[in-house]
Asks: 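So that we are looking at the same thing, I have put the structure below in structure tokens.
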Protein chains: 2
Amino acid sequence: MSSGRKKSFDEDTALNAAMDVFWQKGYVGASLTDLTKRMGINKPSMYSAFGNKESLFIKATQCYIETKMKPHVELLFEEDVSLKQRLKNHMMSIVTMQCDSEQAQGCYLVLCQSELVSGDIPEQAESILKEADVMPIQLYTELFTSDIESIELGLNKNAQANGLALYTMLKGTASMARSGIDKSTLEYSIDRILAGIGLH
Amino acid sequence: MSSGRKKSFDEDTALNAAMDVFWQKGYVGASLTDLTKRMGINKPSMYSAFGNKESLFIKATQCYIETKMKPHVELLFEEDVSLKQRLKNHMMSIVTMQCDSEQAQGCYLVLCQSELVSGDIPEQAESILKEADVMPIQLYTELFTSDIESIELGLNKNAQANGLALYTMLKGTASMARSGIDKSTLEYSIDRILAGIGLH
DNA sequence: CTTAAACTATACCGTTAGGTACAATTTATT
DNA sequence: AATAAATTGTACCTAACGGTATAGTTTAAG
């Protein structure tokens, strides 16, 4: 084992704290003081553990995608559940997360993607945010294209557009959640968009 | 007439330029250098004309509401147009604006409202942003409650929820527009949410 | 028990943030 | 022409930004 003083903090815990700060303030709005204070460490510890603000952000973003987004995906492919119910479960699982987070509401990705237009986001951070914006569209398009029930209902005809409609609504609920609208209120909107694409 | 040197710039033009910067970068992200450069003036001129960054922002926000949002409202109350078509015209008018802006895409208000959670927005700016977030809900609720065709269709039963569903979708299109999704693509989503609340 | 590696704390770096003092300039009034 | 009011440009203020040098502390290995 390598010698030397041991870390007095858990990297994963610190990363999660950083994620919360970016979730609350975005990339530009999150200062190193905000970050290190919530991570419970000081700047040199942060720089030695994560590199710099940008690479901390990239790791926090990957952490968000893995732990906060991907878990909702499997709900789309549960067996013995109707397409409508799978989509409802999936979307409400996301909306629940958007509304549940104690301080930082909404969606981390929606917030940070909105900063891209400013031109103040570094290159690699921009890349990962743009990639993350494409994934859901591919996911929904693939679902509507291949799912048996989707094909039976003819939803495969407009697979991408249907997926985009759901994704657009989820971006809307993210924004609404950030404004303090609660889950039960947003559920109605989810039901309406599902009905709108033909899933009554 | 009062004596003294004359302003070398048009206040309204400068205010519109400031609006564009806030639209692109949000309140926190827009620096005085960004602002004054695009306004074509220097800092003392800006401070004497508008007070400070916060009051410039408040005036820019009021300008946005008056010139960019309110014009869409009248489309909701045109005579001899069906409720569905009025809502479609209204929403597509907004989506067109969200997509048209050359650099700053999306919605100024959605962008800046997302900054509220950070706690870095001054008091009065926070107030006007929160007020602006309530107005559309009231507008749609009133429409669904009072409109004859809405009552005939039973949409008045869930007036507020229906209004919220439309508003949520428009916040979603704002986010999508900022990611570069074009108007014709978003039109499908508008059609789907209208169908979803019963306007086929 | 020394050594060297790794981590922590403090203090600091240059830059930019929002905001202002002040002198120079332009204008209408006297 | 002289004056007073208003605007402009420059130069500057303090505070906070992202980032780092360095000295001190803790730890495993020799």
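Convention: sequence-line order gives letters A, B, ...; per-chain numbering from 1. Since this is a predicted model, take the numbers as computed values, not measurements.
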Asks: Send over the distance from B:Ile41 CD1 to D:dT8 C1', rounded to a whole Å.
Replies: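 It works out to 11 Å between those atoms.
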Asks: Look at B:Ser8 and D:dT8 and indicate whether a side-chain polar atom (N or O) is within less than 4.0 Å of OP1 or OP2.
Replies: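 Yes.
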Asks: Is it true that A:Asp34 and A:Lys25 have a side-chain N and a carboxylate O under 4.0 angstrom from each other?
Replies: yes
Asks: Can you give the donor-acceptor pairs under 3.5 Å from side chains of residues 152-166 of chain B to other protein atoms, not counting sequence neighbours?
Replies:
{"unit_1": "B:Asn162", "atom_1": "OD1", "unit_2": "A:Tyr188", "atom_2": "OH", "d": "2.7"}
{"unit_1": "B:Asn162", "atom_1": "ND2", "unit_2": "B:Leu155", "atom_2": "O", "d": "3.1"}
{"unit_1": "B:Asn162", "atom_1": "ND2", "unit_2": "B:Asn158", "atom_2": "O", "d": "3.1"}

Asks: Would you say D:dA16 has OP1 or OP2 under 4.0 Å from some side-chain N or O of A:Thr33?
Replies: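 A:Thr33 to D:dA16 OP1/OP2: no side-chain N or O under 4.0 Å.
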Asks: Please determine whether a side-chain nitrogen of the Lys or Arg among B:Glu126 and B:Lys130 lies less than 4.0 Å from a carboxylate oxygen of the Asp or Glu.
Replies: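 Salt bridge present between B:Glu126 and B:Lys130.
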Asks: Between C1' on D:dG19 and CG on A:Asn42, what's the gap in Å once rounded to a whole number?
Replies: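 From A:Asn42 CG to D:dG19 C1': 13 Å.
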Asks: In this structure, how many angstroms lie between the P atom of D:dT8 and the CZ atom of B:Phe50, rounded?
Replies: 11 Å
Asks: Just the rounded figure in Å: distance from P of D:dT20 to CG of A:Leu32.
Replies: 10 Å
Asks: If you only use heavy atoms from C-beta on, which nucleotide in D:dT8, C:dT27, D:dG19 is closest to the side chain of A:Lys43?
Replies: D:dG19
Asks: Just how far, in rounded Å, is C1' of C:dT29 from NZ of B:Lys6?
Replies: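 So the NZ-C1' distance, B:Lys6 to C:dT29, works out to 13 Å.
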Asks: Can you tell me the distance, in whole Å, between the NZ atom of A:Lys37 and the P atom of D:dA16?
Replies: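 From A:Lys37 NZ to D:dA16 P: 10 Å.
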Asks: Compare the minimum distances between each of D:dA21, D:dC17, C:dT20 and the side chain of A:Ser31, then state the nucleotide with the smallest one.
Replies: D:dC17
Asks: For D:dA4 and B:Ser3 - does any side-chain N or O of the residue sit under 4.0 Å from the phosphate oxygens OP1/OP2?
Replies: no
Asks: Rounded to whole Å, please give me the gap between CZ in B:Arg5 and C1' in C:dA23.
Replies: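 So the CZ-C1' distance, B:Arg5 to C:dA23, works out to 12 Å.
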Asks: Name every donor-acceptor pair, under 3.5 Å, that has one atom in a side chain of residues 77-85 of chain A and the other anywhere in the protein, sequence neighbours excluded.
Replies:
{"unit_1": "A:Ser82", "atom_1": "OG", "unit_2": "A:Gln85", "atom_2": "N", "d": "3.1"}
{"unit_1": "A:Lys84", "atom_1": "NZ", "unit_2": "A:His200", "atom_2": "O", "d": "3.4"}
{"unit_1": "A:Gln85", "atom_1": "NE2", "unit_2": "A:Asn89", "atom_2": "OD1", "d": "2.9"}

Asks: Closest to the B:Tyr47 side chain: D:dT20, D:dT8, C:dT20?
Replies: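 Taking heavy atoms from C-beta onward, the closest nucleotide is C:dT20.
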